[in-house]
Amino acid sequence: MTTPSQTVGPYLAIGLPWEDGPTVVPEGTEGAVWIRGTVTDGEGNPVPDAMIETWQADPQGHFDHPDDPRGRVPGFRGFGRCPTKPDGSYEILTLLPGAIPGENGATQAPHIDVSVFARGLLHRVVTRIYFPENTEANAADAVLNSVPEDRRGTLIAAKTDDGYRFDVRLQGEAETVFFDV
């Protein structure tokens, strides 16, 4: 029998979702894009009871956080949370992030930090979404460059008509790169 001390899911559905979770910005916000994808397990099956959380800077590279006094885009939370649907899909409505300061005066490429909670995980797994149009910034990003070149593609979203697609593979062939945090 599975107990809450053994896994983070499916219990996350009890206390983590909230109505505004998938909208980092209100619908109709100028420049808003959808980040959509599917969470799959090691065999490629959809995970219907996972949770995707996102945290990101606004388009100017500022965070909606007291430690970042530079201000933010009105209505922009910087944080999103979306449970997966029965087919393993999720969607987050947001603005594209700006570049942020990195270590030693470097700049990090625009990206969205992603946490995934799911059944069978004792702790969340953490990854990033990078954007294909930021070729130069991506090439200079220290975090992205720390990933073996043949695995970086798992961190780059694909452009769609109304935003981007970012699938998360929890294990197996083409597993998404996760970071030790």
Side-chain angles (χ1 to χ4, degrees), residues 8-9 12 16-17 20-25 27 29 31-59 61 63 76-100 108-121 123-139 141 143-181:
V8 295
L12 56 93
L16 292 179
D20 294 334
T23 53
V24 176
V25 293
E27 290 197 47
T29 299
V33 297
W34 284 102
I35 306 290
R36 293 186 172 106
T38 302
V39 178
T40 55
D41 64 18
E43 295 178 3
N45 297 317
V47 179
D49 53 359
M51 178 79 65
I52 297 289
E53 279 188 354
T54 61
W55 174 244
Q56 69 176 89
D58 68 21
F63 288 95
F76 180 82
R77 281 196 314 259
F79 178 78
R81 181 182 283 159
C82 184
T84 56
K85 297 176 183 170
D87 64 356
S89 67
Y90 73 92
E91 58 185 12
I92 300 282
L93 183 66
T94 191
L95 296 173
L96 288 178
I100 62 171
Q108 293 186 39
H111 66 276
I112 297 175
D113 292 319
V114 178
S115 292
V116 182
F117 300 87
R119 60 180 149 84
L121 298 176
H123 303 283
R124 69 185 173 137
V125 291
V126 178
T127 190
R128 284 184 168 190
I129 302 172
Y130 289 90
F131 300 93
E133 64 272 16
N134 298 327
T135 308
E136 288 182 36
N138 289 347
D141 186 271
V143 174
L144 189 55
N145 283 316
S146 73
V147 174
E149 191 170 349
D150 65 333
R151 304 276 325 278
R152 291 180 195 161
T154 69
L155 301 177
I156 310 289
K159 187 83 174 100
T160 64
D161 290 340
D162 63 352
Y164 296 85
R165 181 162 188 89
F166 185 77
D167 293 324
V168 176
R169 179 81 180 250
L170 294 174
Q171 291 180 303
E173 190 174 328
E175 175 183 350
T176 301
V177 170
F178 299 107
F179 298 99
D180 187 16
V181 292

Does a side-chain heavy-atom distance below 4.5 Å link N45 with T40? no

Step by step, work out the side-chain contact (heavy atoms from CB on, under 4.5 Å) result for V47 and L170. CA-CA 9 Å; V47 179; L170 294 174; 4.1 Å; yes

The reported gap from CZ in F79 to CG in D113 (rounded to nearest 0.5 angstrom) is 11.5 Å

Please report the closest heavy-atom contact between S115 and V126, naming both atoms and the distance. OG-CG2, 3.9 Å

Classify the ring geometry of F63 against W55: parallel below 30°, tilted from 30° to 60°, perpendicular beyond 60°. parallel

CZ (R152) and OG (S146) are apart, to the nearest 0.5 Å, by 8.0 Å

So do the side chains of V147 and F179 get within less than 4.5 Å of each other, counting heavy atoms only? yes

Minimum heavy-atom separation for T23 and E27, please, with both atom names. CG2-CG, 4.4 Å

Flag side-chain contact, heavy atom, 4.5 Å: T29 against F76: no

Provide the full list of side-chain hydrogen bond (donor to acceptor under 3.5 Å, both in side chains) pairs with a residue in residues 167-181, sequence neighbours left out, each pair given once. R165-D167

Minimum heavy-atom separation for V24 and G78, please, with both atom names. CG1-N, 3.4 Å

When rounded to the nearest 0.5 Å, the distance separating CD1 of I100 from CG of D58 is 11.0 Å

Any donor-acceptor N/O pair, D141 side chain to A137 backbone, under 3.5 Å: no

For the CG atom of L95 and the CZ atom of R77, what is their distance to the nearest 0.5 Å? 11.5 Å

Do F131 and Y164 come close enough that some side-chain heavy atom pair is under 4.5 Å? yes

Minimal non-hydrogen separation, R119 against P46, with atom names: NH2-O, 4.0 Å

Rounded distance [0.5 Å steps], CD in E149 versus CG in L144: 10.0 Å

At what distance, to the nearest 0.5 angstrom, does CD of E53 lie from CD1 of I112? 13.5 Å

Nearest heavy-atom contact between T154 and A174 is CG2-O, 4.1 Å

Within-4.5 Å side-chain heavy-atom neighbours: I129 and L155: no

Are V39 and F117 side-chain neighbours, meaning at least one heavy-atom pair lies under 4.5 Å? no

Validation row: L96, V33 side chains within 4.5 angstrom (heavy atoms): yes

Using every non-hydrogen atom in the two residues, find where P48 and P86 come nearest and quote the distance to one decimal. CB-O, 3.4 Å

Name all pairs fulfilling the side-chain hydrogen bond (donor to acceptor under 3.5 Å, both in side chains) condition that reach into residues 84-94, sequence neighbours left out, sorted by first residue then second. R36-E91, Q56-T94, D87-S89

Side-chain heavy atoms of I156 within contact of F166, under 4.5 Å: no

Check against side-chain contact (heavy atoms from CB on, under 4.5 Å), V116 and R124: CA-CA 5 Å; V116 182; R124 69 185 173 137; over 6 Å; no

For N138, does its backbone N or O pair with a side-chain atom of N134 as donor and acceptor, under 3.5 Å? no

